[in-house]
2 protein chains.
Amino acid sequence: MGTLQYAILGMLNRESMTGYDLTREFQTSLFDFWTAKHSQVYPELKSLLEKGYVEYETEISGTALKKKVYTITQQGRDAFQNWEETAYPIKPIPKDEFRLQLFFSDAMEPEMRLKQLEYHLQQHRQRLEQIRKKQEKFEVIPPKEESQFCDYLVMQGAIHREESYCSWLEECINLCQQRKIL
Amino acid sequence: MGTLQYAILGMLNRESMTGYDLTREFQTSLFDFWTAKHSQVYPELKSLLEKGYVEYETEISGTALKKKVYTITQQGRDAFQNWEETAYPIKPIPKDEFRLQLFFSDAMEPEMRLKQLEYHLQQHRQRLEQIRKKQEKFEVIPPKEESQFCDYLVMQGAIHREESYCSWLEECINLCQQRKIL
DNA sequence: AAAATACATGTCAAATATTACATGTAAAAA
DNA sequence: TTTTTACATGTAATATTTGACATGTATTTT
């Protein structure tokens, strides 16, 4: 079973919701480590339904709008817990198109390389700022029993990741400029 | 045109080689930011051939073993250079199964969460050590005109990435333990 | 009252990527 | 001399993901 299905089970384990709600979560609270579009969510829900890991009730919103509110079953809870407690070997290193461009940048004008480095630094600084805005909502570190504590941990991870990307790019820019002056 | 095709063009831009050689590069020098299996490389070479971006000559190794040695064409060089100098918006945040598990770890025993954190720290420390072994080969920072300089930059990036992953995990472990003692 | 945005659910085609299937030669080690 | 490892090239089936197509309701803004 793919990771996305466990992500869905994990969310439904917290709270029953619709495919639309799940999709929204993938665009917000899970955004810093997992994303999915609605075109992937609905088929996966169907698959989980066939496995008996989720069930749904139809609710009417307003006068005609049908909503399918999905709830995790005991079977689903068991499958989720089993995944959650399994220590999987770490996945292959994520692909990074910019690192690839940089790797080949010896074939490029030094000014162009610098321009590329500065553009990407700017992009990652923006991303970092967006994550820091989330961080500011935490006034204290939440107690470790709450799901808020987990939110805090993964958000810290996202900050670490972007900070290190930025500091690497700064280092690259320095190295490129230094050797220009000498 | 997909990124993998540009990765192949970039390698052939440095030196003519076979699909087998390319696959080996994806497992070694490009490993820290892009990978591909031979089952993906051969069809992509075929596609590049149809586009006129590469051509090949058949060489005989030994008495019977046929090798297809691919060479980039001028058209291929132009396409590559165009990609290389384009500043693409940064890609969505890479997926990370462990961060997903951690995000849901409020539903888990605190000891289990700690066990998971320590396992992943160990895995990433190992990965970091492997990259550091590559780093040790550089006695000085190579001059910026050489492709070695690019190798150095991306390798530094891989070190930054793994170091920050490890320091984040250490921070998480500390936070989990701290609150246990208090 | 109209328009725009958010809510809500799906399918389909295409691109990307992994694993397994399939075959054979060359060189090095046991 | 046999076996194993590296060299060498492909295809097929499957899984994952994205982007486009397709439709309709509810709410908010203009």
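For DNA chain C, the outermost nucleotides in 5' to 3' order that have an atom under 4.0 Å from a heavy atom of chain A are dA6(C) to dA17(C).
The side chain to side chain contact (heavy atoms under 4.5 Å, CB included) check on F31(A) picks up T35(A), I93(B), with sequence neighbours excluded. In this view, H160(A) and S164(B), S167(B), W168(B), E171(B) satisfy the side chain to side chain contact (heavy atoms under 4.5 Å, CB included) rule, not counting sequence neighbours. With sequence neighbours left out, Y20(B) forms a side chain to side chain contact (heavy atoms under 4.5 Å, CB included) with T18(B), R24(B), Y42(B). Partners of R127(B) under the side chain to side chain donor-acceptor pair (under 3.5 Å) rule, at least two apart in sequence or in another chain, do not exist in this structure. Under the salt bridge (Lys or Arg N to Asp or Glu O under 4.0 Å) criterion, E15(B) pairs with no residue at all, not counting sequence neighbours. Checked against side chain to side chain donor-acceptor pair (under 3.5 Å), K134(B) has the following partners two or more places apart in sequence or in another chain: D32(B).
Proximity of residues 87-101 of chain A to DNA chain C (heavy atom under 4.0 angstrom from any strand atom) is restricted to K95(A). Shown for residues 47-66 of chain B: residues whose heavy atoms fall under 4.0 angstrom of DNA chain D, namely L65(B), K66(B). Residues from residues 12-43 of chain B placing a heavy atom under 4.0 Å of any atom in DNA chain C, listed by number, are K37(B), S39(B), Q40(B).
Between the CG atom of L4(B) and the P atom of dT17(D) there is a distance of 18 Å, given to the nearest Å.
By the 4.0 Å N-to-carboxylate-O rule, E136(B) lies too far from K133(B) to be salt-bridged with it.
Put simply, the side chain of Q116(B) gets close to the backbone of T86(A): a donor and an acceptor are under 3.5 Å apart. A distance-only check finds a donor-acceptor pair linking the side chain of T73(A) to the backbone of G52(A) [under 3.5 Å].
Grouping Ile, Leu, Val, Met, Phe, Trp and Tyr by side-chain contacts under 4.5 Å, direct or through others, leaves I90(A) on its own. Taking Ile, Leu, Val, Met, Phe, Trp and Tyr as members and joining any whose side-chain heavy atoms lie under 4.5 Å apart, directly or through other members, the hydrophobic cluster of M108(B) also contains M112(B).
Ring pair F80(B)/F104(A): centre-to-centre distance below 6.0 Å.
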